[in-house]
Amino acid sequence: MLQFTVITIFPEMFASPLGHSILKKAQEKGLISVRTVDLRDYATDRHRTTDDSPYGGGQGMVMKPEPLVAAIEDARKKLDNPRVVLLAPQGRLFTQEQAARLAQEKELVLICGRYEGIDERVKGFVDEELSIGDYTLSGGEPAAVVVIDAVTRLIPGVLGNEKSSQEESFADGLLEYPHYTRPEEFRGMKVPEVLLSGDHDKVRSWRRQMSLELTRRRRPDLFHKAPLAAEERGSLAAGASRLCMALLHYPVYDKNGQVVTTAVTNMDIHDIARSARTYGVPRFYVVTPVKALQKLALKILSHWEQGYGSEYNQTRKEALAVVRLKDTLDDVMLDVEREYGSKPKLVVTSARPGGKRTSFLELRDMLIKSDQPFLLLLGTATTCWSRLTAEPIIITSPCARRRLFFWIACWENKT
Ligand code: 9D3
């Protein structure tokens, strides 16, 4: 049983919030009790005054110390060993962690300030000061309701067992994944396929991924503090989980019309796939309509995935798991769209002067703020960009592949 005592000049403000739902039930079950104390009962003059004008001038009023301290002392006398909390804008921030701490107490006295503030000399009579956030309230009453609500939810028996364990998920420090209920389609918006699949493992990993991405984008502060696997953190670097790459391997012929040097493919696949894996880029497409090159790429892939190379080098095997072979860029676009639900925004590199350039920093910003997948096209033939149907984002080229990975790595460390 946690006993709340609330000192306020507006006791009536608490009737409705305490008279509904969880807080009502918690009182009925005898898990908490809330007593409101009218501060005016502790005023000594005929008008029951609780405020006065500030010394030193200035506008507004200040809460007088005598009634407040009398009310606090009376509460301490009536209770056993209460923790006395002043709700004030200059208090420590009230968080889930603070709620868990207060939920351990047997008796809490909450003091609601009003006016511009309270006389500083009252502070020596309270145990701590709490604020519920950086915005201005008209008084401490709404803050006291917030504290009572958040603390009460953590008392065993208030929520069903199954729900209280969910509450723990706030303890993993992430925002929650998106929820859906019937109908399957609402105003053209469909419930994500995976939630209808019945595959519980897939559902769990989808929800985890959504939680991670949302937290990364909307609450980088939480994301930074969250206890994540190194892999999870990496896979979300600057929205890397939505940044796919494609290496466009246009056939290169010599004067006789023969395909020349395919050894580059080997290098590129290993090199880029490994960097992709390291920085959490989920897909690396190797695009070539030339069957001979596809065959070679397949040979390389299967060697590292199944051949003696797979035991010889585990990281390389993992790296190659992100590689996909495709005939054309259109096939890649379709594959990305199927995976993410929308067409990717294309990013190309160019060394040619002119045209609007996007800086790495701007690109990073776009990645973080957007919900769309991005597809970074790598290739040697600049001419191929002109054949693109959609307007691409152009970034400056020299050593762009390397620099891009370098930047992705830096972004991760920045958050
Ligand atoms: C403009 C100067 N304000 C101080 C930051 C004066 C002031 C504004 C509002 C003094 C008191 C109040 C009333 N607010 C509370 O008592 C309060 C509060 C809040 O305003 N925001 C967040 N948490 C809390 S807890 C109590």
Side-chain angles (χ1 to χ4, degrees), residues 2-18 22-23 32 34-43 48-76 79 82-105 107-155 170 175 218-219 221-222 225:
L2 206 171
Q3 216 174 327
F4 291 96
T5 303
V6 184
I7 300 172
T8 170
I9 56 167
F10 295 124
E12 315 77 38
M13 283 181 77
F14 293 85
S16 175
L18 293 170
I22 304 270
L23 292 182
I32 64 161
V34 186
R35 186 170 76 96
T36 53
V37 170
D38 190 342
L39 182 63
R40 290 189 190 279
D41 292 346
Y42 294 86
R48 313 221 298 162
T49 310
T50 56
D51 62 334
D52 206 340
S53 45
Y55 277 119
Q59 52 168 329
M61 301 292 269
V62 174
M63 287 183 95
K64 291 168 64 61
E66 309 94 317
L68 268 171
V69 169
I72 293 166
E73 283 177 341
D74 194 35
R76 283 196 196 274
L79 296 164
R83 185 140 189 100
V84 179
V85 178
L86 173 67
L87 283 318
Q90 49 284 82
R92 279 222 184 74
L93 188 63
F94 179 69
T95 59
Q96 189 69 13
E97 197 184 333
Q98 306 284 324
R101 178 175 59 81
L102 295 184
Q104 304 299 312
E105 298 286 338
E107 302 157 330
L108 285 173
V109 176
L110 303 177
I111 303 160
C112 308
R114 276 274 147 183
Y115 318 117
E116 289 309 296
I118 70 167
D119 188 288
E120 189 64 21
R121 291 164 292 185
V122 174
K123 309 252 167 113
F125 295 84
V126 308
D127 299 317
E128 63 182 292
E129 294 172 59
L130 291 175
S131 155
I132 60 164
D134 295 334
Y135 33 78
T136 305
L137 302 173
S138 309
E141 287 79 6
V145 171
V146 166
V147 170
I148 293 170
D149 191 284
V151 169
T152 299
R153 293 174 63 82
L154 294 173
I155 293 168
F170 203 106
L175 301 178
R218 193 168 294 167
R219 293 291 304 277
D221 56 324
L222 290 183
K225 282 189 293 186

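Counting starts at 1 for both ligands and their atoms, following the listed order.
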Open item on the list: Taking Arg48's backbone N and O only, do any of them form a donor-acceptor pair with Arg40's side chain (distance below 3.5 Å, no angle check)?
Closed with: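 Here the side-chain-to-backbone pair exists.
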Open item on the list: Using only atom types and a distance under 3.5 Å, with no angle test, would you say the side chain of Asp127 pairs donor to acceptor with the backbone of Val84?
Closed with: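 Yes, the answer is positive, given that a donor and an acceptor are paired below the 3.5 Å cut-off.
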Tabulation required: pairs of a nitrogen or oxygen in ligand 1 and a protein nitrogen or oxygen under 3.5 Å; columns are atom names and distance to 0.1 Å; otherwise 'none'.
{"residue": "ligand 1", "atom": "16 (O)", "partner": "Gly140", "partner atom": "N", "Å": "3.3"}
{"residue": "ligand 1", "atom": "20 (O)", "partner": "Leu137", "partner atom": "N", "Å": "2.9"}
{"residue": "ligand 1", "atom": "21 (N)", "partner": "Tyr135", "partner atom": "O", "Å": "2.8"}
{"residue": "ligand 1", "atom": "23 (N)", "partner": "Ser131", "partner atom": "OG", "Å": "3.4"}
{"residue": "ligand 1", "atom": "23 (N)", "partner": "Ile132", "partner atom": "N", "Å": "3.0"}

Task: Side chain proximity check, Val62 to Tyr115, heavy atoms < 4.5 angstrom - done: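 The answer is no, as the side chains (C-beta and beyond) never meet within the 4.5 Å cut-off.
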Open item on the list: Check this for me: Gln59, atom CD, are more than 12 non-hydrogen atoms of other residues, nucleotides or ligands nearer than 6.0 Å?
Closed with: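 12 or below, so no.
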- [ ] Take atom CD of Gln90 as the centre, draw a 6.0 Å sphere, and report whether it contains more than 12 heavy atoms from other residues, nucleotides or ligands.
- [x]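 Count over threshold, so yes.
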Open item on the list: Between Glu73 and Arg76 (salt bridge meaning N to carboxylate O under 4.0 Å), is one present in this structure?
Closed with: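 No, no charged N to carboxylate O under 4.0 Å.
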